[in-house]
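Naming: A, B, ... by sequence-line order, numbering from 1 per chain. Everything quoted here is computed from the prediction, not taken from an experiment.
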Amino acid sequence: MPQSYLSIEQAKEAGREGTVVDLRGWVYRTRGSNKLVFLVLRDSTGIIQCVGSKDDLGEEVFKRSKELFIESSVTLSGTVHKDERAPGGFELHLNRIEAVKAAEPFPITKDQSEEFLREKRHLWLRSRKMNAILKVRSTVTGAIHEFFRGRGYYEFTPPIFTPNACEGGSTLFEVKYYDDVIYLTQSWQLYAEAAIFSLERIYDVSPTFRAEKSKTSRHLSEFWMAEMEAAWMGYREAAKVAMDEVRFITERVLERNRADLELLEADPSRLERALSKEWPMITYTEALGLLRDRGGLEVEWGKDLRTIEEEKLMEHFDTPVVIIQYPKEVMAFYKPVEPDAEAPGPVARCFDMLAPEGYGEIVGGSERDTDMDSIKKALEKQGEKVENYDWYLDLRRYGSVPHSGYGLGVERLISWLCKLDNIKDAIPFPRTMTRTFP
RNA sequence: GCCGCAGUAGCUCAGUUGGCUAGAGCGUACGACUGUUAAUCGUAAGGCCAUCGGUUCGAAUCCGUUCUGCGGCGCCA
């Protein structure tokens, strides 16, 4: 066995031509005739075509190499050649090939359906498509840490089991907890609000669970949210941080994953175009005006923007757009009223960020209410028991300060960056209302 | 919660107004082929037509039940 193996990416580096290299990986494709075998090798870095002739390999090895099924693990060695006939421009002329473990016939063939690929997701992860998405995903989560740490934020990890509802109880997953019942978190917010009195500026990237009965290509029951919470910060400033964050992540993906985006047919230039422009921040009331004047869509003031309205609105933009000051009535209890707004009714100090190309809401955030009485009233109105939130009210009793925060939907962002048809491809093992397997 | 679509070979799909022994491609097995691009050519194996019930001389096909999956709306990230 050779001492050191190269990756396929390394084997294609300049200056390697004519040298003998050792590679290892998995069989991606095989083709052949009675004198030649073409075997495309795959590893985490890419693919390369390997050519073996009966003369070079010997009758026995040649025959066995032709019998290797797709996804067999192999080690091999050969000479690097530049060859226009090979996919990718390089190929390896084999002088040795050994199966580490011969595979059984691989169930995924060229005829595929979304449903079948999800059923075989544990194997489909090996596909070039999933490989590219997972690489982008790694860049995205890494960039989130880099962004916040570079700005003096602390990572703060919230509990996943929670006794409280926070955004209305209907969408919580109940979990048996010893002899009791508890819920899976659907937001870190209440705990983040406790932590800012210690750390002032915090962020996290963690799983979130929502039992919404949403059967769409934009919803998951388990997804990852990148959240931030900051003391002494207003909602407009938080919205600017969100825009900076999404910009930063997009830059990093363009730097590190250009080839992955191209493989996914997610034209990088559309992201470059978005980065080259200012991203608009408009009010809800202005958005309604836009819909009426440019879209011919009349929306009654006070109604939340639905999917159709959001899509219609985003037809006019090729960058993400932040919408601020939604009507107070449609917002959760913790969002305070903006007194200075020019609007037909009370509006909240809150914002959403919509992605272009129909990818919908990627960020939702707000300033948090610091007024004890209005929090209590809002909780009662939602049917919550105020005494369950007494610990949360303590945060208002002891040195309350203005503060804001937001949550970024990691899979929604990845969907936009990678131009995915379905959010279920943005996470390795999607969990939806009907899928918990594999 | 509401609305729509689909279940036929391991996979992707045909299957006419109800009519003979249910078809193709891919994959698999065997064979042929010196440069293939998820090669090509030949042969073969492979089916409780999702389920239960009904109509009929006769049902993959028509009607109803149940189950499973997919998508849209609402809600959200």
Side-chain angles (χ1 to χ4, degrees), chain A residues 27-40 42 47-56 62 66-67 69-70 81 83-89 91 93 104-120 123 127-128 167-168 170-171 186-189 205-227 242 246 303-311 326 330-332 351-355 359-365 406-416 421-424 426-427 432-435 437:
Chain A
V27 174
Y28 184 65
R29 300 277 182 268
T30 57
R31 305 177 273 271
S33 65
N34 66 339
K35 293 277 172 59
L36 286 176
V37 60
F38 296 91
L39 183 152
V40 182
R42 167 186 85 70
I47 59 173
I48 188 167
Q49 174 165 285
C50 306
V51 192
S53 70
K54 200 190 268 185
D55 293 343
D56 292 345
F62 179 78
K66 284 189 75 173
E67 287 166 354
F69 285 126
I70 284 173
H81 282 262
D83 195 317
E84 284 185 4
R85 291 172 295 184
E91 66 180 17
H93 290 192
E104 296 175 24
F106 200 59
I108 301 175
T109 64
K110 74 167 185 175
D111 294 314
Q112 306 160 346
S113 63
E114 292 294 315
E115 191 185 332
F116 184 69
L117 294 180
R118 275 175 214 153
E119 200 67 18
K120 303 288 181 194
L123 299 174
S127 67
R128 302 200 75 200
E167 291 196 36
S170 62
T171 61
Q186 59 177 354
S187 168
W188 80 329
Q189 191 190 318
V205 188
S206 66
T208 296
F209 307 89
R210 303 245 171 121
E212 292 161 359
K213 292 180 174 169
S214 306
K215 293 191 272 187
T216 81
S217 53
R218 300 181 308 279
H219 288 86
L220 294 164
S221 302
E222 177 186 83
F223 65 98
W224 287 67
M225 204 145 58
E227 295 156 298
V246 174
K303 299 272 185 205
D304 205 357
L305 293 181
R306 296 173 305 165
T307 307
I308 177 137
E309 282 112 32
E310 288 180 356
E311 281 176 4
Y326 282 80
V330 301
M331 289 291 129
F351 67 95
D352 275 357
M353 189 191 298
L354 305 183
Y359 284 95
E361 297 177 31
I362 52 174
V363 176
Y406 65 82
L408 162 71
V410 171
E411 288 78 12
R412 290 256 177 102
L413 177 60
I414 292 170
S415 294
W416 171 54
D421 293 334
N422 198 310
I423 199 167
K424 294 174 191 72
I427 190 165
T432 67
M433 210 165 93
T434 50
R435 177 164 294 283
F437 177 91

Original post:
With respect to the side chain of A:Glu310, which nucleotide from B:C33, B:C75, B:C76 is positioned closest?
Top reply: B:C76
**OP:** Output yes when at least one side-chain N/O atom of A:Lys66 is less than 4.0 Å from OP1 or OP2 of B:C30, else no.
**Re:** no
Original post:
So, A:Glu309 and A:Arg306, do they make that salt bridge, N to O below 4.0 Å?
Top reply: yes
Original post:
Phosphate oxygens OP1/OP2 of B:C76: is one of them under 4.0 Å from a side-chain N or O of A:Thr171?
Top reply: no
Original post:
So what does A:Glu91 hit on the nucleic acid, given a heavy-atom distance under 4.0 Å: a base, only sugar-phosphate, or nothing?
Top reply: base
Subject >> Side-chain N or O of A:Asn422 closer than 4.0 Å to phosphate OP1/OP2 of B:C70 >> reply: no
Subject >> Heavy-atom side-chain contact between A:Asp421 and A:Glu114 under 4.5 Å >> reply: no
Subject >> Pair assignment for B:A44, Watson-Crick or G-U wobble, requiring both distances under 3.5 Å >> reply: B:U28
Original post:
How would you label the contact of A:Val410 with the nucleic acid (heavy atoms, under 4.0 Å): base, sugar-phosphate, or nothing?
Top reply: nothing
**OP:** Report yes if at least one side-chain N or O of A:Ser113 is closer than 4.0 Å to OP1 or OP2 of B:C11; otherwise report no.
**Re:** no
**OP:** Using atom CG of A:Leu413 as one end and atom C1' of B:A77 as the other, report the distance to the nearest whole Å.
**Re:** 11 Å
Original post:
Which part of the nucleic acid, if any, lies within reach of A:Ser53 when heavy atoms closer than 4.0 Å are counted: base, sugar-phosphate only, or nothing?
Top reply: nothing
Original post:
Within the structure shown, what part of the strands sits under 4.0 Å from A:Gly32 by heavy-atom distance: base, sugar-phosphate, or nothing?
Top reply: base
**OP:** Please answer whether B:A77 and A:Phe223 are stacked, defined here as ring centres separated by less than 5.5 Å and planes angled under 30°.
**Re:** yes
Subject >> Test item: A:Asp111 and A:Phe116 side chains (from C-beta on) under 4.5 Å apart, heavy atoms >> reply: no
**OP:** Tell me what A:Gln49 touches on the nucleic acid: a base, only sugar-phosphate, or nothing, going by heavy atoms under 4.0 Å.
**Re:** base
**OP:** Confirm from the modelled atom types if A:Asp111 and B:G27 form a donor-acceptor pair under 3.5 Å, side chain to base only.
**Re:** no
Original post:
Does any donor-acceptor pair link the side chain of A:Arg435 with the base of B:C70 at a separation under 3.5 Å?
Top reply: no
Subject >> A:Arg210 CZ to B:G74 C1', straight-line distance once rounded to whole Å >> reply: 15 Å
Original post:
Under 4.0 Å between a side-chain N/O of A:Lys110 and OP1 or OP2 of B:C26, yes or no?
Top reply: no
**OP:** Could you tell me whether the phosphate oxygens of B:U34, OP1 or OP2, come under 4.0 Å of any side-chain nitrogen or oxygen in A:Asn34?
**Re:** yes
Original post:
What does A:Thr109 touch in the nucleic acid at a heavy-atom separation under 4.0 angstrom: a base, only the sugar-phosphate, or nothing?
Top reply: base
Subject >> Toward the 5' end of RNA chain B, by each residue's nearest nucleotide, A:Lys213 or A:Phe38 >> reply: A:Lys213
**OP:** Determine the contact category for A:Lys120: base if any of its heavy atoms lies under 4.0 Å from a base atom, sugar-phosphate if only primed atoms, P, OP1 or OP2 are that close, otherwise nothing.
**Re:** nothing
Subject >> B:G74 OP1/OP2 closer than 4.0 Å to side-chain N/O of A:Ser214 >> reply: no
Original post:
Just how far, in rounded Å, is P of B:C73 from CG of A:Asp304?
Top reply: 14 Å
**OP:** Would you check if A:Arg118 and A:Asn422 make a side-chain contact, meaning some heavy-atom pair closer than 4.5 Å?
**Re:** yes
Subject >> Derivation and outcome, side-chain contact (heavy atoms from CB on, under 4.5 Å), residues A:Gln49 and A:Asp83 >> reply: CA-CA 10 Å; A:Gln49 174 165 285; A:Asp83 195 317; over 6 Å; no
**OP:** Examine B:A38: is either OP1 or OP2 under 4.0 Å from a nitrogen or oxygen in the side chain of A:Arg42? Give yes or no.
**Re:** no
**OP:** Using the C1' atoms only, state how far B:G42 lies from B:U21, rounded to an integer number of Å.
**Re:** 24 Å
**OP:** Remember a base hit wins even if backbone is also touched, and classify A:Tyr359 as base, sugar-phosphate or nothing at under 4.0 Å, heavy atoms.
**Re:** nothing
Original post:
Partner of B:G74 by Watson-Crick or G-U wobble geometry, both contacts under 3.5 Å, or none?
Top reply: none
Subject >> Same-atom distance (C1') from B:A59 to B:U16, integer angstrom >> reply: 15 Å
**OP:** Describe the nucleic acid contact of A:Ile362 in one word from base, sugar-phosphate, nothing, applying a heavy-atom distance below 4.0 Å.
**Re:** sugar-phosphate
Original post:
In whole angstroms, how far is the P atom of B:G72 from the CZ atom of A:Arg218?
Top reply: 6 Å
Original post:
Is there a side-chain contact between A:Val363 and A:Phe351, using heavy atoms and a 4.5 Å cut-off?
Top reply: yes
**OP:** Look at A:Arg118 and B:G71 and indicate whether a side-chain polar atom (N or O) is within less than 4.0 Å of OP1 or OP2.
**Re:** yes
Original post:
Could you give the distance from CZ (A:Arg29) to NZ (A:Lys110), rounded to the nearest 0.5 Å?
Top reply: 10.5 Å
**OP:** Provide the distance between the two P atoms, one in B:U43 and one in B:C11, to the nearest whole Å.
**Re:** 25 Å
Original post:
Rounded to the nearest Å, what distance is computed from the CD atom of residue A:Glu212 to the C1' atom of nucleotide B:G1?
Top reply: 13 Å
Original post:
Which nucleotide, in any strand shown, forms a Watson-Crick or G-U wobble pair with B:U17, with both distances under 3.5 Å?
Top reply: none
**OP:** Under 4.0 Å between any heavy atoms, over every strand shown, what does A:Pro107 touch: base, sugar-phosphate, or nothing? Just pick one.
**Re:** nothing
Original post:
Distance between the P atoms of B:A6 and B:G15, in whole angstroms?
Top reply: 12 Å
Original post:
Who is the Watson-Crick or G-U wobble partner of B:G7, with both distances under 3.5 Å?
Top reply: B:C67
Original post:
Taking the same atom, C1', in B:C49 and in B:U8, what whole-Å distance lies between them?
Top reply: 4 Å
**OP:** Using the P atom as the reference point in each nucleotide, state the distance between B:C52 and B:C33 in Å, no decimals.
**Re:** 50 Å
Original post:
Please give, in whole Å, the distance from B:G74 P to A:Arg306 CZ?
Top reply: 6 Å
Original post:
Which whole-number value in Å describes the distance from A:Phe116 CZ to B:G27 P?
Top reply: 14 Å
Original post:
Rounded to whole angstroms, how far apart are CD1 on A:Ile70 and C1' on B:U28?
Top reply: 12 Å
Original post:
Which listed nucleotide (B:G35, B:C73, B:G71) is nearest to the side chain of A:Ser217?
Top reply: B:G71
**OP:** Please step through side-chain contact (heavy atoms from CB on, under 4.5 Å) for the pair A:Tyr28 and A:Arg128, ending with a clear verdict.
**Re:** CA-CA 10 Å; A:Tyr28 184 65; A:Arg128 302 200 75 200; 3.2 Å; yes
**OP:** Could you check whether A:Glu361 gets within reach of a base, just the sugar-phosphate, or nothing at all, counting any heavy atom under 4.0 Å?
**Re:** base
Original post:
Less than 3.5 Å between a donor and an acceptor, one on the side chain of A:Glu114 and one on the base of B:G71, is that the case here?
Top reply: no
Original post:
Counting side-chain heavy atoms from C-beta on, which of B:G35, B:A38, B:A77 comes nearest to A:Arg85?
Top reply: B:G35
Subject >> Salt bridge present between A:Glu119 and A:Arg435 (N-O < 4.0 angstrom) >> reply: yes
Original post:
If we call it a pair only when both distances are under 3.5 Å in a Watson-Crick or G-U wobble match, what pairs with B:G35?
Top reply: none
